[in-house]
Trainee: 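To start, I am sharing the structure in question, which I have written as structure tokens.
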Amino acid sequence: MTALRPTDQAPEFDVAIVGAGPAGLAAAGAAAATGARVVVVDSSEQPGGQFWRHRSEAAGVVDSGELHHGWRDYLELRRAFDEGVARGSIRYLPATSVWMAQHDSDKELNLFTLRLAPAHGGGSSEVPTVRAARLVLATGGYDRQLPVPGWQLPGVMAAGGIQAFGKQNGMLPGKRFVIAGTGPFLLSVAAGIVHQGGSVAAVLESSNLMGWLPRAHRAAGVPAKAFEGAEYTAAMLRHRIAYRPRTVITEILGEDHVTGVRTAKVRGDGSLVAGSERQIDGIDTVGLGWGFTPQMELPVQLGVGTRQDVDGSLIAIVDEDQRSTLSGLFIAGELTGVGGAALAVIEGRVAGRVAALEAIGATHAAFTALASAANGPTRAESRAIARQRSFANAMHLAHPVPQCWQHLLRDDTIVCRCEEVPASAILESRETMAGDDLRTQKGQNRAGMGWCQGRVCGFAVSCLSGGADPTPGAIETSLANSAVEVSLASPAVETSLAQSAKRPVAQPLPLGALAELD
Amino acid sequence: MTANPPRVRATFEGEPIEAEAGASVAAALITSDRVAWRTTRGGAQRGLFCGIGVCFDCLVEIDGESGQRACMIPLQEGMRVCDAGNAASERTEGPAA
């Protein structure tokens, strides 16, 4: 690849923001409010991100917001965003991917260069490069997945994918569903399905939900979450949806598409309860979700400090101003720890505001450390962030990934969907060729080397190969509901996750984009 | 939702597909009762999985351009959509790590 020449060109923008979901929209509005010149790059056709993905504005379809939470917050953020675009203080580049981010630092002056390509289709981006004095990354996350026999069958989807499909297209990808995995998000998906006229045979939750009891006070600090929970419960009761805690899918059934699932009860230590097997037939779609994975390509590419969060995800380290360990780079939303849209909005607002004031201050040479301190989060913002984060941590601890998933794998269970690498190949690499991380695995069996570059299988391959002890006995002595802390917080797994997020280009791109490097 | 946005018509492997204006190529394929539209190198059928542009399982060829994500692209009038077949192995991205 061509070496990128540092440039002495002045940046066209004070703040560049990647992502136009809850965090990115809030960052853009807050940055533009300071008078800064802002550019927002987003891979979708229209703002909203995954959480507020909605019907097509280009086609003139007005979304009623009935499938959404916090829709009023979205409309408010959107109004500020649209005003910024109309005024010319926000340059909005939709349907655009950042495939490379570069940072040059000269004393106190930072310069970020983003290389852009169309999010889909061929050719090159109308604006191939943007430069900015400060960068805010708000790239969000996607459903975390674990392999299970049969999950490669058509009709098996990410739980969040079912919801996104419904929100975007106003229709469902199937008729009768089973939703499985862990976390309150599964309820949100099920409620959305019945609202759109589909039916849900069951929601299978691997956790015993008792993990919430010692942490209930944290949920009480976030009333909106309790309200959301009550809404889902009402929808489940109204539609007589079976909600089965401590239950996992052991196998997905079907010849050329999904027709059913086998299920079993799971104990707190992650082992299965003998004799608890059941079968659910007559379904055409399965939604799977094991929490979320932050989209870490760009932070990792830029070399920011990272750590493993309580849910086992690789996340970026930030301070209370949302500053990463890299000078001039701010990070907000799921990248700082999966915590939902409400938290992302507050973090985005702080990041956008501080980044903008810093950029303006830096270019006017009147910037002082004192001014910087005064621009940080307000006390109300700090309190709200702390409350939301506390809730998120309680949720992660109450909904750990159960250990049994590794035991359910068969030799021929596909782990890497892109390259169709079976579990046997990954375990063989670990046993016989010291394939103890994702990078080594890639070289030996191509796991994580396909189109998605390990985004889907990276977590599973890291756990399978990177020292997460697969025997239930090893964690029996630990607290049952914090299995995730024991099994996933290992340095080997963290290293492997970082490798998984490290991609030579952040997005697959048309060759034309490379040819345009200056 | 507003009443009846216009329909958009296109083809998949020469057969007619359609969807509401603004809906994705994947939505049109699902509407035509397809659950899978790509064949992997191993011969397996794939359709939608992540639904948000992350997994690349739903790849199709659109108007001769391979490697397009059906979940991300709005269906346009007259689009010629084809089974991506083995196109998934012909990477257009940079060197793999």
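Below, read A as the first sequence line, B as the second, and so on, with proteins coming before strands; counting in each chain starts at 1.
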Trainee: What I'd like to find out is whether the side chain of Q45(B) reaches to under 4.5 Å of the side chain of D256(A), using heavy atoms alone.
Mentor: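 Q45(B) vs D256(A): side chains apart.
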Trainee: Given heavy-atom pairs under 4.5 angstrom as the criterion, report whether the side chain, backbone, both or neither of Q68(B) touches chain A.
Mentor: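 For Q68(B), side-chain heavy atoms alone lie under 4.5 Å from chain A.
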Trainee: Nearest 0.5 Å, what's the CD-NE2 distance between E65(B) and H120(A)?
Mentor: 12.0 Å
Trainee: Would you mind checking which part of F165(A) comes under 4.5 Å of any heavy atom in chain B, side chain (CB onward), backbone (N, CA, C, O), both or neither?
Mentor: side chain
Trainee: Is it the backbone or the side chain of L153(A) that comes under 4.5 Å from a heavy atom of chain B, or both, or neither?
Mentor: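 No part of it gets close to chain B.
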Trainee: Examine whether an atom of V156(A) lies under 4.5 Å from a heavy atom of chain B, and if so say whether it belongs to the side chain, the backbone or both; otherwise answer neither.
Mentor: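 Looking at V156(A), backbone and side chain both touch chain B.
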Trainee: Where on H257(A) is there a heavy atom nearer than 4.5 Å to chain B: the side chain, the backbone, both, or neither?
Mentor: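 Looking at H257(A), just its side chain touches chain B.
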Trainee: For A44(B) and E420(A), work out which heavy atoms get closest and say how close.
Mentor: CB-OE2, 3.8 Å
Trainee: Determine the minimum heavy-atom distance between S56(A) and G22(B), stating which atoms define it.
Mentor: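 Taking every non-hydrogen atom into account, CB-CA, 3.3 Å.
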Trainee: I'd like to know whether M157(A) forms a side-chain contact (heavy atoms from CB on, under 4.5 Å) with C50(B), so could you lay out the CA-CA distance, the side-chain angles of the two residues, the decisive distance to 0.1 Å, and finally the verdict.
Mentor: CA-CA 6 Å; M157(A) 289 184 66; C50(B) 82; over 6 Å; no
Trainee: Tell me, out of G47(B), A21(B), A27(B), who's got the most heavy-atom pairs with chain A below 4.5 Å.
Mentor: A27(B)
Trainee: Taking every heavy-atom pair that is under 4.5 Å apart, which of G448(A), A59(A), A158(A) has the most such pairs with chain B?
Mentor: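 Option with the top pair count is A158(A).
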Trainee: Treating R69(B) as the side-chain partner and A119(A) as the backbone partner, does any N or O pair qualify as donor plus acceptor under 3.5 Å?
Mentor: yes
Trainee: If I compare all heavy atoms of L172(A) with all of I30(B), which pair ends up nearest, and what's the gap?
Mentor: O-CG2, 4.1 Å
Trainee: Please classify the contact of Q145(A) with chain B as side chain, backbone, both or neither, using a heavy-atom distance under 4.5 Å.
Mentor: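 It is the side chain, since no backbone atom gets that close.
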Trainee: With the side chain counted from C-beta on, respond yes when S24(B) and Q168(A) share a heavy-atom pair under 4.5 Å apart, and no when they do not.
Mentor: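 Counting from C-beta outward, S24(B) and Q168(A) do come under 4.5 Å.
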Trainee: How many angstroms lie between CG in D57(B) and SG in C452(A), if you round to the nearest 0.5 Å?
Mentor: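 It is 8.5 Å, given to the nearest 0.5 Å.
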Trainee: Is there a donor-acceptor pair under 3.5 Å between the side chain of R46(B) and the backbone N or O of R417(A)?
Mentor: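 Yes.
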Trainee: Do the ring planes of F56(B) and W451(A) sit parallel (below 30°), tilted (30 to 60°) or perpendicular (above 60°)?
Mentor: tilted
Trainee: Output the option from V35(B), V8(B), V54(B) having the highest count of non-hydrogen pairs under 4.5 Å with chain A.
Mentor: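 Looking at each option in turn, the highest pair count goes to V54(B).
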Trainee: Any residues in residues 72-79 of chain B near chain A, with a heavy-atom distance under 4.5 Å, and which are they?
Mentor: M72(B), I73(B), P74(B)
Trainee: Go through the steps for E20(B) and N169(A) under the test side-chain contact (heavy atoms from CB on, under 4.5 Å), then give the verdict.
Mentor: CA-CA 8 Å; E20(B) 276 184 11; N169(A) 299 304; over 6 Å; no
Trainee: So which atom in G141(A) and which in I52(B) form the shortest heavy-atom distance, rounded to 0.1 Å?
Mentor: O-CD1, 4.4 Å
